[in-house]
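Counting from 1, the numbers follow the sequence of the chain as shown.
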Amino acid sequence: SNSVFGENIDFESPYRLIEKWQASPQQSAAYFQGKFSFNEMIMNLGARIDNFSAGRNSNIFTEFDSFFSQQNNEDREDGLVTVKAKKQIDLSPRIGISFPITELTKFYFNYGHFRQMPQAQYLYQMQEKSFMIGRSSISAMGNPNLPMQRTIAYEIGLERIFTTDYLFQFSGYSRSVDNQISFKSYVSDEMIYTLAVPNNYNDIITYNIKGTWHGKKRFFAPSLLFP
């Protein structure tokens with residue numbers, strides 16, 4: 001648990017844009033792994049448990065709430081309704097399998113989930129567009145309930161030893177990432193603001209061919225990567 005701070009003032013804008021926040025997020029994790037063998041197959045099974053809390057209250061509002069158009073700072077703060085941000089507990093499995101097909105050929109497979117805490121400004125940001133002392137409107141909001149970004153990765157491969165000096169490897173790799181941060185805009189005659197939401201997603205698939213040669217005094221390992 002650590003205290004984090006944020007402050008940003010844009011003096012070049014025609015309006016004065018101000019961001020100030022303070023929070024004490026809590027994050028902990030535990031990892032377990034076991035190694036098993038059956039005949040010649042080797043299997044590593046593991047899991048990671050992530051616990052995360054933004055350590056700050058979450059604001060309650062509707063999409064076009066008067067909270068965003070209210071220009072009197074004191075009235076806006078008096079009308080603000082908050083609840084404690086949700087605690088997140090996520091289980092991330094990890095699997096690794098290695099299986100020799102022959103004395104010179106090995107098959108392997110890896111699979112795992114990985115979590116990443118959102119950047120602090122996306123959790124805590126409350127950007128004020130200031131017109132004069134004591135009067136401003138909200139132009140951007142973070143979200144303390146943003147889920148942790150999740151990566152799901154697969155790898156499958158084959159290794160073949162042709163001679164004592166030469167190793168051939170072929171592998172395929174897939175990675176998908178969800179809960180990435182994007183920004184949703186709300187526009188009306190009375191307000192314009194953006195809200196951080198976990199709506200972005202991407203996929204990456206690659207194939208790799210690699211040959212490794214070990215000489216007495218030289219090492220050579222060319223590789224071809226296909227996206």
Let me check something: any side-chain donor-acceptor pairs from residues 41-51 under 3.5 Å, sequence neighbours excluded? List them with distances.
residue: R48; atom: NE; partner: D50; partner atom: OD1; Å: 2.9
residue: R48; atom: NE; partner: D50; partner atom: OD2; Å: 3.1
residue: R48; atom: NH2; partner: D50; partner atom: OD1; Å: 3.1

*What heavy-atom pair brings F52 and P118 nearest, and what distance separates the two atoms?*
CE2-CD, 4.4 Å
_Once salt bridge (Lys or Arg N to Asp or Glu O under 4.0 Å) is applied, do any residues pair with R115, and if so which ones, sequence neighbours excluded?_
D90
*asked:* Do Y207 and I209 sit in one hydrophobic cluster, given that two such residues count as connected whenever their side-chain heavy atoms are within less than 4.5 Å of each other, even indirectly?
replied: yes
_Minimum heavy-atom distance A54-A85, with the two atoms named_ = CB-CB, 4.4 Å
*Calculate, to the nearest 0.5 Å, the distance between atoms NZ and CG belonging to K106 and L104 respectively.*
13.0 Å
*Kindly give the heavy-atom pair with the smallest separation between A196 and N143, and that separation in Å.*
O-CB, 3.6 Å
_Heavy-atom closest pair, residues P100 and S98_ = CD-O, 4.2 Å
*asked:* Quick check for you: to the nearest 0.5 Å, what is the distance between Q88 atom CD and Q27 atom CD?
replied: 10.0 Å
*Are any side-chain N or O atoms of R175 and backbone N or O atoms of I205, one a donor and one an acceptor, separated by less than 3.5 Å?*
no
*Check the hydrophobic clustering (I, L, V, M, F, W, Y; side-chain heavy atoms under 4.5 Å; chains of links allowed) and say if F38 and F99 are grouped together.*
yes
*asked:* Run the side-chain contact (heavy atoms from CB on, under 4.5 Å) test against S53 and tell me which residues pass, sequence neighbours left out.
replied: Q26, K87
*Decide whether F36 and F109 are clustered together by the hydrophobic rule: side chain heavy atoms of Ile, Leu, Val, Met, Phe, Trp, Tyr closer than 4.5 Å, transitively.*
yes
*Connected via hydrophobic side-chain network under 4.5 Å: L91 and I95*: no
Side-chain atoms of residues 154-162: list all donor-acceptor pairs with protein atoms under 3.5 Å, sequence neighbours left out, distances to 0.1 Å.
residue: E155; atom: OE1; partner: N110; partner atom: ND2; Å: 3.3
residue: E159; atom: OE2; partner: Q169; partner atom: NE2; Å: 3.0
residue: R160; atom: NH1; partner: T105; partner atom: OG1; Å: 2.9

*Would you call Q116 and F114 a side-chain contact if the rule is heavy atoms closer than 4.5 Å?*
no
*To the nearest 0.5 Å, what is the distance between OH (Y124) and CG (L146)?*
10.0 Å
*Report the distance from atom CD1 of I192 to atom OG of S185, rounding to the nearest 0.5 Å.*
9.0 Å
*Go through the structure and list residues passing side-chain hydrogen bond (donor to acceptor under 3.5 Å, both in side chains) with R150, not counting sequence neighbours.*
D178
*Residue pairs, two or more places apart or on separate chains, that pass ring-ring contact (aromatic ring centres under 6.0 Å, His included) and touch residues 171-195*: F64-Y186, F68-Y193, Y122-F183, Y186-Y193
_How long is the straight-line distance from CD of Q119 back to CE of M117, given to the nearest 0.5 Å?_
10.0 Å
*Does the side chain of Y201 reach to within under 4.5 Å of the side chain of S176, using non-hydrogen atoms?*
yes
*Cluster link Y108 to F170, ILVMFWY, side chain under 4.5 Å*: no
*Inter-residue atom distance T194.OG1 - M141.CE, 0.5 Å rounding*: 10.0 Å
